[in-house]
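What follows is a single structure, written as structure tokens, with notes after it.
As the structure lists them, so they are numbered: ligands from 1, and atoms in each ligand from 1. Below, each value reflects all heavy atoms present in this structure, side chains not excepted, and no hydrogens, waters or symmetry copies.
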Amino acid sequence: MRAALKQTLVELLQSPQARGRLWGANGAPPPKPAVILVLGVNGTGKTTTIAKLAHAYAREGERVVIAAGDTFRAAAIEQIKEWGERVGADVVAHQQGADPGAVVFDAMGAAESRGADAVIIDTAGRLHTKFNLMEELRKIRRIIERKEPDAPHEVLLVLDATIGQNALIQAKAFAEAAEVTSVCLTKLDGTSKGGIVFAICDQLKIPVRFVGTGEQADDLAPFSAESFVDALLR
Ligand code: GDP
């Protein structure tokens, strides 16, 4: 019974087909620069996840540009700058209240002139009306596409594992507003078991790619359906 249950759950988590061109591509050389658009509500761990991703690239000797596209909060801009220094990534930031599109434009330009391997783009972290969210993301995409017609290569949605059903509600809202290609589930180091990923995989068909397992730059792991289910059934 246990083995059958495990198999069913693992298959469910593995069922969403790859949507992005980076993490689903089987051995294909990554585009240069790889462009990753990161979405998520404030507090889910979006900034930390961006820092962790940048750190993973930098650790491999790759050059990363982070676009501080969440221009709504001054603290968010400062926080991402600090992370950039810590993990060795270039951060392109404007003042609070600036047009996120302008930040993305400059970041794409900086990536080009510096020969960056990856551009990681932060976006607004407030779940305002779906229409505004869609408009803002559409504009950002247009700016990205002007420089890199097949980018963004991944649209990563950051979800907090500790908020249960709310994560599904957030995922649905973002999936309706943008073509989300991947999910990162944060805070799996706490008491949460993150069972909500079953609903996300089943209902939204979006693959989970990463899990956040702590607050430090190294605390990001590729998602493994097998070990996730093992931990759940333990
Ligand atoms: P943002 O508002 O979505 O950008 O969220 P932050 O990146 O600022 O993270 C919010 C809080 O969650 C911070 O205190 C982070 O240290 C913490 N955090 C982020 N990811 C993780 C994780 O994987 N595990 C734990 N335990 N805390 C996390």
Fill in the blank from the handout: When distances are taken from atom 26 (N) of ligand 1, the protein heavy atom at minimum range is Asp189 OD2, 2.7 Å
Hey, is the main chain of [Y] close enough, under 3.5 Å, to the side chain of [X] for a donor-acceptor pair?
X     : Y      : result
Thr71 : Ala98  : yes
Arg19 : Lys205 : yes
Gln96 : Arg73  : no

Select one of side chain, backbone, both or neither to describe which atoms of [X] lie under 4.0 Å from any atom of ligand 1, heavy atoms only.
X      : value
Thr44  : both
Val211 : neither
Val158 : neither

Practice task
Flag the pair Ile66 / Ile50 as yes when at least one side-chain heavy-atom distance between them is below 4.5 Å, and no otherwise.
Solution key: yes
Practice task
Evaluate the side-chain proximity of Pro31 to Glu148: yes if any heavy-atom separation is below 4.5 Å, no if none is.
Solution key: no
Among [options], which residue places a heavy atom closest to [atom]?
atom                    : options                     : result
atom 28 (C) of ligand 1 : Lys187, Lys46, Arg73, Lys52 : Lys187
atom 15 (C) of ligand 1 : Glu215, Gln79, Gln216       : Glu215
atom 19 (C) of ligand 1 : Thr162, Thr186, Thr48       : Thr48
atom 21 (C) of ligand 1 : Ala221, Gly214, Gly45       : Gly214
atom 2 (O) of ligand 1  : Ala75, Gly43, Ala76, Gly40  : Gly43

Proximal ligand 1 atoms for [X], defined as those under 4.0 Å from one of its heavy atoms:
X      : result
Gly212 : 23 (O)
Thr213 : 23 (O)
Val41  : 3 (O)

Handout entry: ILVMFWY cluster, Leu220 and Val211 together (side-chain gap under 4.5 Å)
Key = no
Practice task
Could you tell me how the ring of Trp23 sits relative to the ring of Phe210: parallel (under 30°), tilted (30 to 60°) or perpendicular (over 60°)?
Solution key: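 Ring orientation, 0 to 90° scale: perpendicular.
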Practice task
Would you check whether Asp219 reaches within less than 4.0 Å of ligand 1, judged by its heavy atoms?
Solution key: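 The answer is no, since Asp219 has no heavy atom less than 4.0 Å from ligand 1.
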Exercise for the section: State if Asp122 counts as touching ligand 1 under the rule of any non-hydrogen atom under 4.0 Å. Expected result: no
Practice task
Report yes if Thr47 has an N/O atom closer than 3.5 Å to an N/O atom of ligand 1; otherwise report no.
Solution key: yes
Handout entry: Salt bridge flag under 4.0 Å for residues Lys32 and Asp117
Key = yes
Handout entry: Residues Lys6, Asp230: salt bridge by 4.0 Å N-O rule
Key =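 Yes, charged N to carboxylate O under 4.0 Å.
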Problem - Which atom of Ile200 lies closest to which atom of Ala171, heavy atoms considered - result: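 The answer is CG1-CB, 4.4 Å.
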